[in-house]
Every structure is written in structure tokens, then in C-alpha cells.
Engineer: 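One structure, pasted below without further comment.
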Amino acid sequence: MSVRLTEAPFDPGAELTAFTAGRTETGAVATFTGIARAEAGATAILELEAYPGFTEAEIGKIAQQARARWDLHDLMILHRVGQIAPGEPIVFVATAASHRRAAFEACDFLMDYLKSRAPFWKKEHGPDGRRWIEPTAQDHADRDRWD
Amino acid sequence: MSVRLTEAPFDPGAELTAFTAGRTETGAVATFTGIARAEAGATAILELEAYPGFTEAEIGKIAQQARARWDLHDLMILHRVGQIAPGEPIVFVATAASHRRAAFEACDFLMDYLKSRAPFWKKEHGPDGRRWIEPTAQDHADRDRWD
Amino acid sequence: MARVLLFGPLRDLAGWREREVAATSLAELRSLLAAEDADLGAALGGKGVQIAVDQAIVRGDAPLTTRSEVAFLPPMSGG
Amino acid sequence: MARVLLFGPLRDLAGWREREVAATSLAELRSLLAAEDADLGAALGGKGVQIAVDQAIVRGDAPLTTRSEVAFLPPMSGG
């Protein structure tokens with residue numbers, strides 16, 4: 001299991017290649033990649049701030065919940081911090097299980113929790129200035145599906 | 001949108017890299033990779049037979065259903081045929097959308113339909129000989145969730 | 001001469017994958033194949049076996065031309 | 001000298017991200033910060049602001065040592 005933050009851009013494909021390598025019993029790998037949207041020029045740069053140490057530990061608790069709930073062989077969470085340009089990946093989550101239902105559900109669950117509860121502070125730098133973003137009502141509703 | 005069959009092994013990571021490249025408005029990419037399981041030595045080789053032309057066309061119909069049902073920017077389905085060794089990827093599905101719920105649900109839907117309805121014939125070559133495989137009751141139940 | 005294709009367990013049962021058969025209808029083709037190999041004839045009419053003529057699923061009889069491709073598709077395994 | 005960290009909009013409001021403050025409890029630390037900057041003092045007590053001492057969330061008052069790290073965490077954006 002791995003939970004990492006990175007200031008540098010990353011390639012989700014390279015992460016998937018490494019995550020799937022050598023798995024002869026896994027059967028199913030689900031992934032999610034979140035990409036910064038340009039929103040037709042409305043957002044130039046996204047700035048994500050974490051609390052190093054604390055943020056990884058809180059995400060690790062979410063990961064442990066997923067492991068308790070589904071029979072997973074492995075999972076990984078990689079999250080960008082700092083300045084992120086449109087088109088760059090923000091988050092990559094991968095789950096490995098014997099069967100696809102567990103892999104899909106755990107990946108979906110991890111994303112819902114990351115989007116609504118993970119300790120990040122997010123600022124959009126757009127043509128109309130800067131603004132801090134909070135989770136949307138949809139983000140909260142998505143997360144509440146798992147209660 | 002792309003639907004491909006391949007006799008050669010493929011790297012799901014390389015497919016994901018290509019699928020995500022240059023997407024500045026996509027937001028969300030979900031993928032699923034199905035990998036041949038060794039099942040602790042019980043399965044040595046998996047043999048997958050397709051009906052070239054027909055199989056791609058039938059999968060294309062499933063893909064069109066997904067596009068009608070969810071607001072997708074793109075999708076791809078890549079499927080191995082021929083002799084597949086344990087640990088080798090069998091199927092890779094990727095979906096791109098503005099928001100993660102559409103990407104996840106369409107990917108999940110495509111896999112359920114591929115596993116239960118796609119025109120493939122699958123044979124396991126194990127230590128106890130060869131046997132043809134049909135979809136499991138679980139595969140049918142998974143697909144029926146979408147009716 | 002329609003081109004006949006067998007898939008999956010049907011191919012194992014028949015011992016061939018592809019043949020040319022002179023038949024002007026699906027019904028005639030099926031009786032020719034059954035006359036040669038009764039087990040195969042029974043299997044071709046078995047539960048869940050679908051027939052595609054020129055890659056489109058057909059039910060009941062269908063005319064065949066010399067260029068027709070007839071595929072017998074046993075229950076599919078999925079991917 | 002506890003180390004004080006501000007995140008997100010609190011950092012923008014205060015104009016600093018990290019400072020050393022001499023305080024032996026969280027309550028003392030908060031009054032010192034509020035005495036210096038009333039807007040910040042109000043924001044630190046605002047809705048949804050959590051406080052972590054040495055990376056563990058605390059509620060109410062807490063003693064601080066010279067090595068304590070105090071983080072004020074405004075409502076999180078998620079990833």
C-alpha cells in the first residue's frame with residue numbers, strides 16, 4: 001500500500017505499469033485519474049496545499065477503511081500538490097483485487113473520500129483572480145453513499 | 001472511441017498514458033485492467049477466441065450504449081485474444097468524462113457487459129486438461145444491475 | 001459454396017474450424033453437416049447456439065449465396 | 001515557543017504561513033494571536049476550523065511545550 005504526495009507532475013500510465021507489474025493472482029485493477037480542467041480558460045492554474053505528514057496520515061486512514069471493507073491485494077494513492085496546470089493529473093488511485101467488483105468499489109470509495117475529506121486546500125487562479133474552493137454538494141452526496 | 005483486439009501482449013500503463021495525453025477538459029479518467037490469474041497453478045494458459053469483425057462490432061454496440069447513457073468525452077476498449085499467460089492483461093477499458101461519476105459508472109458498465117455478453121470463447125488449459133468457460137452467475141447478476 | 005465457421009466448443013467437437021459447403025440455404029447447410037456428423041448436427045441445434053450469416057445474427061432459415069459466411073456461435077464466454 | 005502553521009485562506013488572511021509564538025496553552029496562543037490581529041483571531045475561531053497539535057486534532061484547550069506544532073486547518077477542499 002502506498003500513499004504519496006508529489007510536487008512534480010506525474011504520468012498516471014507509468015504508475016499503472018508499475019502497479020500491475022508481476023501480479024499473477026490479482027485479476028482486477030481499477031484506477032481513477034483526476035485531471036485539472038481548463039474550463040475553457042476560466043482556470044489557469046490550480047494551487048493545492050497539503051499539511052505534509054498530516055495529509056498522508058489522514059489519507060492513510062481512508063485507505064485502511066477501504067482495506068477493512070473490501071478484500072484488496074493492494075492500493076495506491078498519488079496526489080499532486082503545489083501549482084498544477086490544466087491537463088495535468090492531480091490524483092491517481094489504483095486498487096487491486098481478485099475480482100472486479102471489489103476493485104471498482106474501493107477505487108470509487110477512495111475518490112469520494114479524497115474529494116470531500118482529505119486535508120487539502122485548493123485555490124483557483126483564474127482570469128478573475130483567485131478563490132479558495134470547498135467540496136461541492138455533489139462531493140458530499142457522493143461520499144454519503146458509503147455511510 | 002476505439003475498440004481493438006490484439007494477439008500481442010500489451011501494457012495497460014502505456015494505453016493509459018496515450019489515453020490521457022492532451023486532455024485539458026476531461027477531468028476524470030477511469031480504467032479497468034483484467035489480468036489472467038494463475039490461481040495457484042490451476043490455470044497455466046488461457047485461450048481466448050474471437051470472431052474477427054463480428055466481435056469488434058458487438059463490442060462497439062455496447063460502447064454506443066455507454067455513450068448514450070453517460071456524457072463521455074471518450075472511451076477505449078482493448079482486448080487480448082489468443083494464448084494468454086498468467087499475469088498478462090486480458091482487457092483494458094478506459095473512460096473519460098468531465099466528472100468522475102460518469103467515468104466510473106461507464107467503465108463498470110462496459111466491463112459487466114464485456115464479461116457476460118461479448119463474443120469471446122474462453123478455454124482454460126490447466127494441469128487437469130482443458131475446459132471451456134461460460135459466464136458465472138455473478139457475471140450475469142453484475143450485468144443485470146444496469147437493466 | 002458458403003464459408004462455414006465454427007467457434008469455441010463446436011470447433012473442438014467437429015475437429016475443424018472452417019470449411020466450404022455447397023448449400024443454398026441455412027436449412028440445407030445444417031442437414032448436410034448433420035448427415036456427415038450426427039453429433040455436430042445435434043450440437044449446432046443445441047441450447048444457446050446462435051447463427052450469424054455475413055456477421056449478422058439470423059433466426060430461422062436464410063438463403064445462402066456462394067459468398068455467404070455462416071458462423072455457428074456457441075454460448076459466449078465473455079471477455 | 002510553539003510553532004504555529006496556518007493553511008489555506010487563513011494563511012492569506014494573516015499574511016504569514018508559519019511563526020514561533022511563546023505560549024504554554026492553546027488558549028493563550030489564541031489570545032496572543034487575536035490581540036495582534038483581531039480579524040485573524042475571529043477567523044481562527046470560525047466555523048469548521050480544526051486545530052491539530054503535533055498533527056493530532058484537538059478540541060478545547062491543550063497544553064503546549066516549546067516543541068509543540070500547532071496547525072490551524074480551515075475547512076478542507078478535498079483532493
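Every chain is numbered from 1 and lettered A, B, ... according to where its sequence line falls, protein lines coming before strand lines. Bear in mind the structure is a predicted one, so any value in this text is a computation, not a measurement.
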Engineer: For chain B, which of A:Val91, A:Thr95, A:Thr33 has the most heavy-atom pairs under 4.5 Å?
Structural biologist: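 Most pairs with chain B among the choices: A:Thr33.
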Engineer: Hey, which of A:Val93, A:Thr24, A:Asp142, A:Ile90 has the most heavy atom pairs under 4.5 Å with chain B?
Structural biologist: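 Of the options given, most contacts go to A:Thr24.
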Engineer: Once you round to the nearest 0.5 Å, how far does CG of B:Asp108 lie from CD of A:Glu105?
Structural biologist: 8.0 Å
Engineer: Residue by residue, scan residues 2-17 of chain B and write down, ordered by number, those that have a heavy-atom distance under 4.5 Å to chain A; if none do, write 'none'.
Structural biologist: B:Asp11, B:Pro12, B:Gly13, B:Ala14, B:Leu16, B:Thr17
Engineer: In Å and rounded to the nearest 0.5 Å, what is the CZ to OG1 distance from A:Phe92 to B:Thr31?
Structural biologist: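 Rounded to the nearest 0.5 Å, the CZ-OG1 separation comes out at 6.5 Å.
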Engineer: I need the residue from B:Ala36, B:Ala28, B:Ala85 with the largest number of non-hydrogen atom pairs under 4.5 Å to chain A.
Structural biologist: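 When all of B:Ala36, B:Ala28, B:Ala85 are compared, B:Ala28 has the most.
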Engineer: Side chains of B:Arg101 and A:Arg145: does their closest heavy-atom pair fall under 4.5 Å?
Structural biologist: yes
Engineer: Chain A contacts: which residues in residues 111-120 of chain B have a non-hydrogen atom closer than 4.5 Å to it?
Structural biologist: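 When heavy atoms of chain A are the reference, residues 111-120 of chain B contributes B:Met111, B:Asp112, B:Lys115 within the under-4.5 Å range.
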Engineer: Looking at A:Ala103, A:Cys107, A:Gly22, which one has more heavy-atom pairs under 4.5 Å with chain B than the rest?
Structural biologist: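 Most heavy-atom pairs within the cutoff with chain B belong to A:Cys107.
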Engineer: What residue in B:Arg23, B:Arg100, B:His99, B:Glu88 has the most heavy-atom pairs under 4.5 Å with chain A?
Structural biologist: B:Arg100
Engineer: Using heavy-atom distances under 4.5 Å, tell me whether B:Ala30 contacts chain A through its side chain, its backbone, both, or neither.
Structural biologist: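 Both parts, heavy atoms under 4.5 Å.
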Engineer: Is it true that A:Phe104 and B:Phe32 have ring centroids separated by less than 6.0 Å?
Structural biologist: yes
